[in-house]
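First the proteins, then the strands, lettered A, B, ... as listed; each starts at 1. Computation of the quantities below employed the complete heavy-atom set of this structure, encompassing side-chain atoms and omitting hydrogens, waters and symmetry-equivalent molecules.
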Amino acid sequence: MPLERRPLRLRLVTLAAAGALVVPSVAACSSDEADQTAYCVDQDNQVVDDSNCDESRGYGGGLFFLMMAAGGFGRGSVIPSSAMYSSRINPADSAARAGAGLPATGRAAGTTIKSGGIGKGGGGSSGDTGSGS
Amino acid sequence: MRRHQDGVLRPGWQAQIVAEGLVYHESADGRDPRSYWTEAEYYSFTAAEVERLASVADTLFDRMLVEAGDHVIANKLYDRLSIPQVAVPAIERSWHEDAPSVYGRFDLRYGNDPDLVDRDPSLATPKLLEFNADTPTSLLESAVIQWNWLLGNDAVQHRDQWNNIYDALTAAWTRNLAMLRNRTGRQVPRVHFTWTSLEQSGEDKFTVLCLADAARAAGVETKFLHTEDIRLVEEHEQVPLNGVAVHPGRLLDQDGEDIDVIFKLYPWEDLARDRFGPSVLWNTLQPGGTVWVEPPYKMLWSNKGILAVLWELFGGDAELSQYLLPTYFLGEEPAGLTDFAQKPLFGREGASVRLVQDGRVLAVNGGPYGSEGSVRQQLAPLPDFHGVDGPHHPVVGVWMVDGEAAGLGIRESATLITDNRSSFVPHCIID
């Protein structure tokens, strides 16, 4: 038995039962959750080879930038503003990279940020609702 | 062990259990007038019976399941359990590291009522039906709702209850996170908690919140998200993982923050096959990778195939075999096994279970499971604590918290298969 003989009132549980703790379903309810890919772009937002943003190239040397965008863009494409998820990120700025969800150092171009890949709401697996046993 | 129908209704009990988190005590479509919670009926146990249940549960865990896990790993029996190759390194690593794990629930067949034991002496001995090691629910009911029922229901005034679940969970978070800190040097100030957004009744959410409350009591910051909102930062180049090409990746929450440790109420066997599964499994092997609670090795214990492994290892042991039912992988059972429960390896909540006696189907539940393989467990019908309103077949659930027996939760059905339409029935100790 519990150490003390008194009712158990769980704070989070009670809050949720009263409707005061709501967890929104971002991916399931939003159209803004498309996969985002980090592209290496030049000053005209034109996609260049990923390696231009690598550490070995001085993280772009002020000429090349990382940009998060939705959609598949090949080298030479100009990323339209409607597909942009971020402004241009200096590849040498580890804080800005981390803020965009990218690795703080090392190669970042080509990295994709995805959601909806775990859970029955993401189309990953089939079956009845509920996961308990 | 007795079943009592002379209980009373606490004034306002329905509102009280909802306020305490049991928002899912009524059927979702409102068609079933019965509450999932049983207010005025209950089971009683003697202190000696409780000690016996605890001792058997600890024996199952310490002396049998640990060895069964070692056996599966040493002999690489993953194919027999339908465990994908890509999951094996994460399973083995988490097993050998004794990765954080807080809870599980044994479902036992037990009915030590003198009248019932007269007819079937085997009911005096607890026997393992299955181990819900990965995603057990009915936690809130067991830890909180039935405890408050005990304190507030006049029918059981001054009685005791076997229920140390919540305090044990708090201690489990404290100990497991301290171990993780010591082993890795990571600070772990915060734990994420997740469940699937598709579960609408609230059962998964409130089970998770119960665990999160215990973590907060242990001084841990908590953050919540649905599994569907977990983000994967996926690298383009693939790497091999146990012969499978996977994208390396790390996990972010809905705000783009790193997920250091996460509790999930979501089956590992589903996660391993989900789109992010291979990357998640790869990530668990990396320094600084996300730590999942329950750990990947729970894929071994929650799999019904472990019941066949247990019987293979301990079926010949005079002492230990008494806590097991003979169980075999489908197709490997002896010819004489004509009475059996066929259970899919990944089955949950009684889904896709079939009971057969002398070649005749006694009961069957539909469901999505079975293509992964099944076991056949010798048929041992649940006891019937028959009441004025018909049959009552209880399954005795013993909660294992941090590897030790910590309390009891009973679900019963009018049918022989305990499924998600069963009721929760509280208990007390009477000497």
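- With sequence neighbours left out, B/W149 forms a side-chain hydrogen bond (donor to acceptor under 3.5 Å, both in side chains) with no residue at all.
- Looking at B/L151, the atoms closer than 4.5 Å to chain A (heavy atoms on both sides) all sit in the side chain, from C-beta outward.
- Aromatic rings of B/W162 and B/H427 (six-membered ring for Trp) have centroids beyond the 6.0 Å cut-off, not under it.
- B/F224 and B/F193 have tilted rings, their planes meeting at an angle from 30° to 60° on a 0 to 90° scale.
- Of the two parts of B/A212, the backbone and the side chain both hold a non-hydrogen atom closer than 4.5 Å to a non-hydrogen atom of chain A.
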Would you give me the side-chain donor-acceptor pairs under 3.5 Å for residues 54-61 of chain A, sequence neighbours excluded?
{"from": "A/D54", "atom 1": "OD1", "to": "A/R107", "atom 2": "NE", "distance (Å)": "3.3"}
{"from": "A/D54", "atom 1": "OD2", "to": "A/R107", "atom 2": "NE", "distance (Å)": "3.3"}
{"from": "A/D54", "atom 1": "OD2", "to": "A/R107", "atom 2": "NH2", "distance (Å)": "2.8"}
{"from": "A/R57", "atom 1": "NH1", "to": "A/N52", "atom 2": "OD1", "distance (Å)": "2.9"}
{"from": "A/Y59", "atom 1": "OH", "to": "A/G106", "atom 2": "N", "distance (Å)": "3.1"}

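- Using a 4.5 Å cut-off between heavy atoms, B/V18 contacts chain A through its backbone alone, with no side-chain atom that close.
- Contacts of B/N132 with chain A are made by both backbone and side-chain atoms, with heavy-atom separations under 4.5 Å.
- If you measure heavy-atom distances from B/S302 to chain A, you find no contacts under 4.5 Å at all.
- Neither the backbone nor the side chain of B/L22 has a heavy atom closer than 4.5 Å to any heavy atom of chain A.
- Options A/T111, A/L102, A/V23 differ in how many heavy-atom pairs under 4.5 Å they form with chain B, and the most are formed by A/V23.
- The aromatic rings of B/Y103 and B/W399 sit parallel to each other, their planes meeting at less than 30°, with 60° as the upper class boundary.
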